[in-house]
Protein chains: 2
Amino acid sequence: MAALDLFGRRGLLRILWELRGEAPLTFRALAAAAELPPGTLNARLKELKAAGLMATEGAYGLTPLGRDLLAALEPLVLWSEDWARAYPPTDS
Amino acid sequence: MAALDLFGRRGLLRILWELRGEAPLTFRALAAAAELPPGTLNARLKELKAAGLMATEGAYGLTPLGRDLLAALEPLVLWSEDWARAYPPTDS
DNA sequence: GTTATTGCTATGAAAATTGTAGCGCCTGCG
DNA sequence: CGCAGGCGCTACAATTTTCATAGCAATAAC
């Protein structure tokens, strides 16, 4: 399951998530949204480009494949809402 | 989206995936299946325990909440099959 | 020319991960 | 008893990844 390994890089899922809107983001906006330092963001961006998920026409947005992935992530987001209810983010 | 941060630890999703069977695994079997050194596996196990996903009644298995997560991961697995078709794991 | 914002690289320190060795604890098994 | 084998898990040093910050070259506006 190579995809599971790809997702196991810090911030990668988060980047996808921050790109869920329609409008693409700038490098700096994405860094701020995903709370990643530029070096890490750039590394992830390269991986996402190589995986065919990231479009970089001027600004950063998702390819159709990336949009599919985002859709496939939807149940996981729903689960995480339930989970956050059961395990509220009070402490560390 | 705290859950997305939790998943961004190396091997965590992989562990979940390896636990998809009915029978729980031993520590060593899980380490072998997920291809993780014992130190990392133990760190993940603690995080999963703390998140209420991991049951440790003798051997390691998923709690009902963990099973829900696994179910929520299903579309992602389907997506990854499509993705593997589009981006075959030939090169680096 | 000055000011502002952009994408992105550089750097040194801190944190995470790796591979391997091995401890203490059981369970046979003769 | 004595000893082999598996178990969960810790210890350690080396490597890799991530971090936070500073800053450069380019572009645009004024």
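Sequence lines set the chain letters: A, B, ... in the order given, protein chains first and strands last, and positions in each chain run from 1.
From B:W79, atom CH2 reaches atom CG of A:L73 across 9.5 Å, with rounding to the nearest 0.5 Å. Rounding to the nearest 0.5 angstrom, the gap separating the CG atom in B:L45 from the CG atom in B:L53 is 11.0 Å.
Closest to the side chain of A:P37, out of C:dT9, D:dT10, D:dA20, is D:dA20. Closest to the side chain of B:R44, out of D:dA22, D:dC7, C:dT17, is C:dT17. Picking from C:dT6, D:dG8, D:dC19 the nucleotide with the shortest atom distance to the side chain of A:L36 gives D:dC19.
When the C1' atom of C:dT17 is taken as reference, atom CG of B:N42 falls 14 Å away, rounded to whole Å. Taking atom OH on B:Y60 and atom P on D:dG8, their separation rounds to 7 Å, with Å as the unit. In this structure, B:R9 atom CZ and C:dT18 atom P are separated by 13 Å, rounded to whole Å. The CG-P distance, from B:L25 to D:dG8, rounds to 10 Å in whole Å. As a whole-Å value, the separation of A:E47 CD from D:dT16 P is 16 Å. Between the P atom of D:dG8 and the CG atom of B:L41 lies a distance of 10 Å, rounded to the nearest Å. Atom CG in B:L45 sits roughly 14 Å away from atom C1' in D:dT10 (whole-Å rounding). Between B:L30 atom CG and D:dC7 atom P there is a gap of 13 Å when expressed in whole angstrom units.
When each of B:L62, B:L36, B:T40 is paired with B:I15, the side chain to side chain contact (heavy atoms under 4.5 Å, CB included) condition holds for B:L36 and for no other.
For B:R20 and B:W17, the positive end sits near the middle of the six-membered ring, less than 6.0 Å away and at most 45° from its axis.
Residue-to-nucleotide proximity on DNA chain C shows that, of A:R28 and A:R10, the 5′-proximal contact is made by A:R28.
Contact between the side-chain N/O atoms of B:T40 and the OP1/OP2 oxygens of C:dT18 is found at a separation under 4.0 Å.
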